[in-house]
Each structure stands twice: as C-alpha cells, then as structure tokens.
Amino acid sequence: MAKNDTLKTASVLAFERKLDPSDALMYAGDWEQRDNAQDWQSIPIRTKSVRGTISNRLKAKDQDPAKLDAAIENPNLQTVDVATLPSDTDTLMARFTLRVLGGAGKPSACNNADYQAKLSETVKGYVSSQGFTELAKRYAYNLANGRFLWRNRMGAEQVEVRINLVEQGQATKSWTFDALNLSLRGFEAPQAARSSLDELAARIHDGLSGERHVLLEVVAFARIGEGQEVFPSQELILDRSRGDKSKTLYQVNEIAGIHSQKLGNAIRTIDTWYPLEEGEDLGPIAVEPYGSVTTQGRAYRQPKQKADFYSLLDGWIIKDQVPTVEQQHFVMATLIRGGVFGEAG
C-alpha cells in the first residue's frame with residue numbers, strides 16, 4: 001500500500017446506493033377498510049384548465065393604476081394536472097418497496113488500488129467500532145414517521161405506516177406505526193414505538209452489513225378527507241411548448257406516483273450533525289455532500305468549514321485525520337447514498 005504522503009484520491013470513484021426504493025403508487029379507499037387495501041382503487045391523474053388572476057410582484061414601472069387594470073383584464077389561463085381522492089373515499093394509500101443492500105463503502109468503480117485498499121481499511125474500522133446501528137435507527141425512524149409522504153402527510157387527521165419484511169415473496173414480519181406520534185424534528189421515539197422501531201432498525205442493519213437479504217414493503221395510509229387533493233411527484237419538463245400544461249404530475253401506468261428519488265431523499269433525511277449558527281434549529285436535513293437544502297437555497301456543509309463530505313473523506317483517508325463519531329456517521333451515510341466522488345484531473 002502507498003504511504004499517506006503519496007496517496008491520492010482516485011480520479012474515478014463511484015458508489016452505488018444501498019437504500020434502493022421503488023416508485024410509490026397511490027390508491028384511494030376508506031380508513032376503516034385498511035385491512036382490505038388490496039381492493040382499493042388507483043388514483044388517476046386528470047387535467048383541468050383554470051383562469052387565474054395576476055398576483056405576481058410587479059416592477060415599479062408597471063405599478064401605475066392604468067397599467068395594472070390593463071394587466072388584470074388579461075386572464076392568466078393555465079392547464080394543470082391534478083390528483084384527488086374520489087368524493088366517497090377519505091384515505092390515501094401510498095405503497096412502495098425498499099431494498100437494503102450490503103457492501104456499504106465498497107466502490108463500484110475505483111481506478112486507484114492503493115486508495116481503494118485504504119478506503120476498505122477505513123470502512124472496516126468504522127463498522128468494527130460503530131457498526132450501522134445509528135444509521136439504521138434513523139432510516140427506520142423515517143420510514144415509521146411517514147416522512148416520505150411529504151405534503152400528503154401535512155394536515156392529515158391520521159397517518160398509519162405498515163412495514164412488512166418480505167422473504168421469498170411472503171411477509172414474514174410486520175410492524176405498524178402511528179406516524180403522527182413520531183416527530184419530524186428528531187429521532188426520539190415514544191416508549192410505545194421503541195420495541196418495533198428497534199426490530200425494524202435491526203433488519204436494516206442486517207441488510208447494510210450484508211448479513212441477510214432485506215426487502216421491505218412499506219404501505220402508508222393518510223386520512224385526509226373525502227375528495228381532497230393528493231400530491232404525487234411533479235415532473236420536470238425542460239422544454240415546454242406554448243400552450244402546454246404548466247404542471248405535469250408523475251404517473252405509472254395511469255396511476256399517480258411518487259418518484260423513487262423523492263422517497264430516497266426522505267429516508268436519508270437523517271443529518272443532524274451539520275454546523276449550525278447560534279439560534280438556528282432546522283432539524284434533520286437530507287444527507288448530501290454539501291448539505292444542500294434546495295428549498296432554502298443554502299448549503300449547510302461548507303468546504304471552508306471543512307464540514308463537507310469531500311473535506312471529511314480526504315482528511316480521513318488521505319491525511320489520517322479521523323473525524324468525530326458524528327461526522328463518521330455522515331461520511332458513511334453519504335457512501336450509502338451513493339454517487340460519483342472522484343477527483344477531477
């Protein structure tokens with residue numbers, strides 16, 4: 001193995017994600033019929049056209065009363081996709097599967113044998129000293145609290161999450177959680193849920209450590225009210241022609257759905273180890289190399305603070321600067337997230 005003073009970051013370095021969710025499909029039914037969910041109807045995407053009003057902030061030159069009246073006379077016509085529960089059902093069901101894969105920290109591509117050997121040694125040291133217990137606990141918590149429902153969780157009267165361990169096509173173990181009793185701001189579970197959460201976390205730990213094949217079926221029920229709107233993922237359309245829809249929703253075989261990437265983002269929203277300014281209390285953010293939170297237009301892990309993934313990884317591998325335990329968790333969670341992390345030539 002090369003000495004540390006000559007060891008360089010691999011120019012080709014990639015990791016496959018180890019938490020691999022499917023897309024979630026959305027169905028409608030009655031809350032009291034959750035045990036017969038196999039008979040629930042799928043939720044379709046439909047289109048409607050609306051006549052909106054001018055409500056955007058105007059430039060100073062356009063704030064003249066005459067110009068504003070003229071602008072308001074022109075309707076703001078929009079064609080959008082929508083998804084709603086039928087008028088006679090009150091509950092949304094979202095269902096997906098999650099594979100938990102072993103080999104965390106082992107690159108799928110690396111063109112530097114010395115670097116790969118040192119990386120392997122470092123990962124083994126982390127697994128030996130820390131294991132995947134803390135990460136598995138947080139992943140399990142984010143499944144149980146229904147964070148992956150995103151806007152569909154907000155304002156729901158009741159939310160129940162059922163998780164099945166699937167082996168050879170059969171559910172061999174099941175857990176049920178009252179999602180609204182589990183906070184989105186931390187990872188402290190109420191006493192009533194701890195036993196089930198510990199069992200679920202143990203299965204996720206087994207999958208990450210490669211001890212067994214782990215496939216989870218996740219089914220969430222959100223009681224939101226008859227005929228209420230639900231929120232599938234929105235498609236990113238890069239080239240919209242004039243007159244095209246202003247909002248396009250995701251669907252799979254004419255069933256409303258949530259992107260697997262959006263589910264993965266919610267499951268890995270476990271990073272509470274990022275630097276915070278005094279008085280800030282953001283709560284967990286998704287594991288990202290720079291701590292990116294796009295809704296705020298901010299990166300919470302800045303390279304100048306040596307808090308980003310690359311600074312921590314290079315310090316750990318190249319310079320033998322072992323991060324704190326919390327930052328070790330973050331580095332491993334980023335490797336579990338997967339991505340291309342090679343150093344550009």
Side-chain angles (χ1 to χ4, degrees), residues 16-17 19-31 33-50 78-101 142-143 146-154 156 159-171 174 179 213-241 243-268 338:
E16 295 176 347
R17 63 178 176 267
L19 297 177
D20 191 15
S22 69
D23 289 332
L25 300 183
M26 306 174 80
Y27 300 85
D30 289 315
W31 179 258
Q33 298 298 317
R34 301 190 305 286
D35 292 336
N36 299 314
Q38 68 276 4
D39 299 325
W40 286 23
Q41 57 187 304
S42 59
I43 298 178
I45 302 294
R46 55 189 177 85
T47 301
K48 69 178 180 181
S49 297
V50 297
Q78 302 177 41
T79 299
V80 297
D81 278 348
V82 295
T84 62
L85 298 179
S87 59
D88 58 350
T89 62
D90 65 357
T91 301
L92 162 71
M93 177 179 74
R95 177 192 177 277
F96 67 97
T97 58
L98 173 69
R99 286 194 305 159
V100 184
L101 304 173
N142 276 343
L143 291 173
R147 187 188 294 273
F148 53 83
L149 289 171
W150 293 96
R151 191 175 174 184
N152 297 293
R153 187 185 187 277
M154 302 298 106
V159 179
E160 181 180 272
V161 176
R162 300 182 180 184
I163 302 174
N164 300 316
L165 176 67
V166 179
E167 296 177 302
Q168 298 181 349
Q170 300 293 325
S174 299
H213 176 269
V214 175
L215 176 66
L216 301 174
E217 178 191 39
V218 183
V219 183
F221 299 93
R223 190 175 195 175
I224 58 178
E226 293 181 348
Q228 284 292 305
E229 184 175 5
V230 298
F231 302 96
S233 291
Q234 186 170 338
E235 294 282 62
L236 175 62
I237 308 298
L238 298 177
D239 182 20
R240 290 189 181 275
S241 59
D244 195 6
K245 291 184 291 187
S246 58
K247 182 170 72 173
T248 302
L249 297 179
Y250 182 57
Q251 55 184 315
V252 180
N253 295 327
E254 299 183 348
I255 303 174
I258 303 174
H259 290 151
S260 60
Q261 290 84 352
K262 193 167 185 178
L263 299 175
N265 183 281
I267 295 169
R268 69 172 186 271

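Start at 1 with the first residue, then count along the sequence.
Contact annotation: the side chain of V161 never approaches that of L143 to less than 4.5 Å [non-hydrogen atoms, C-beta and beyond]. A heavy-atom distance below 4.5 Å is found between the side chains of T89 and Q41. A 4.5 Å side-chain heavy-atom check between N152 and M26 finds at least one atom pair inside the cut-off.
For E160, the side-chain hydrogen bond (donor to acceptor under 3.5 Å, both in side chains) partners are R34, R162, not counting sequence neighbours. Residues meeting the salt bridge (charged side-chain N to carboxylate O under 4.0 Å, His left out) test with R95, sequence neighbours left out: E217. Listed by chain and residue number, nothing satisfies the salt bridge (charged side-chain N to carboxylate O under 4.0 Å, His left out) test with R153 (two or more places apart in sequence, or in another chain). The salt bridge (charged side-chain N to carboxylate O under 4.0 Å, His left out) test applied to D23 returns no partner, not counting sequence neighbours. For Y250, the ring-ring contact (aromatic ring centres under 6.0 Å, His included) partners two or more places apart in sequence, or in a different chain, are H259. Looking at residues two or more places apart in sequence or on another chain, you find no ring-ring contact (aromatic ring centres under 6.0 Å, His included) involving F231. For D90, the side-chain hydrogen bond (donor to acceptor under 3.5 Å, both in side chains) criterion is met by R223, not counting sequence neighbours. Here L215 pairs with T97, R99, V166, H213 under the side chain to side chain contact (heavy atoms under 4.5 Å, CB included) rule; sequence neighbours left out. Every residue meeting the salt bridge (charged side-chain N to carboxylate O under 4.0 Å, His left out) condition with E167, not counting sequence neighbours, appears here in chain and number order: R212. In this structure A24 satisfies the side chain to side chain contact (heavy atoms under 4.5 Å, CB included) test together with F96, I258, L263, sequence neighbours excluded. Taking W150 as the reference, nothing meets the ring-ring contact (aromatic ring centres under 6.0 Å, His included) condition, with sequence neighbours excluded.
Counting non-hydrogen atoms of other residues, nucleotides and ligands closer than 6.0 Å to CD of Q170 gives a total of 12 or fewer. Within 6.0 Å of CG on N253 lie no more than 12 heavy atoms contributed by other residues, nucleotides or ligands.
The minimum heavy-atom distance linking S174 with N164 is given by the pair OG-OD1, 2.6 Å. Residues R147 and N142 come closest through the heavy atom pair NE-OD1, 2.9 Å. Between A222 and L149, the closest heavy-atom pair is CB-CD1, 4.4 Å. Nearest heavy-atom pair, S246 versus Q234, reported as atom, atom and distance to 0.1 Å: O-NE2, 4.4 Å. When every heavy atom of A179 is checked against every heavy atom of G146, the shortest pair comes out as CB-N, 4.1 Å. Summarising the geometry of S233 relative to K262, their closest heavy-atom pair is OG-CD, 3.7 Å, with the distance given to 0.1 Å.
The distance from the OG1 atom of T79 to the NZ atom of K245 is 9.0 Å, given to the nearest 0.5 Å. Distance CZ/R268 to CG/L19: 9.5 Å, rounded to 0.5 Å. Taken from CG in D88 to CD in E226, the straight-line distance is 7.0 Å, to the nearest 0.5 Å. Taken from OG in S260 to CG in L98, the straight-line distance is 11.0 Å, to the nearest 0.5 Å. Here the OG1-CD1 distance, from T84 to I43, works out to 8.0 Å after rounding to the nearest 0.5 Å. One finds the CD1 atom of I45 at 10.5 Å from the CD atom of E254 (value rounded to the nearest 0.5 Å).
Contacts classified as salt bridge (charged side-chain N to carboxylate O under 4.0 Å, His left out) and involving residues 39-50 (residues at least two apart or in different chains) are not found.
With hydrogens and angles ignored, the 3.5 Å screen pairs no side-chain donor or acceptor of W40 with any backbone N or O of T91.
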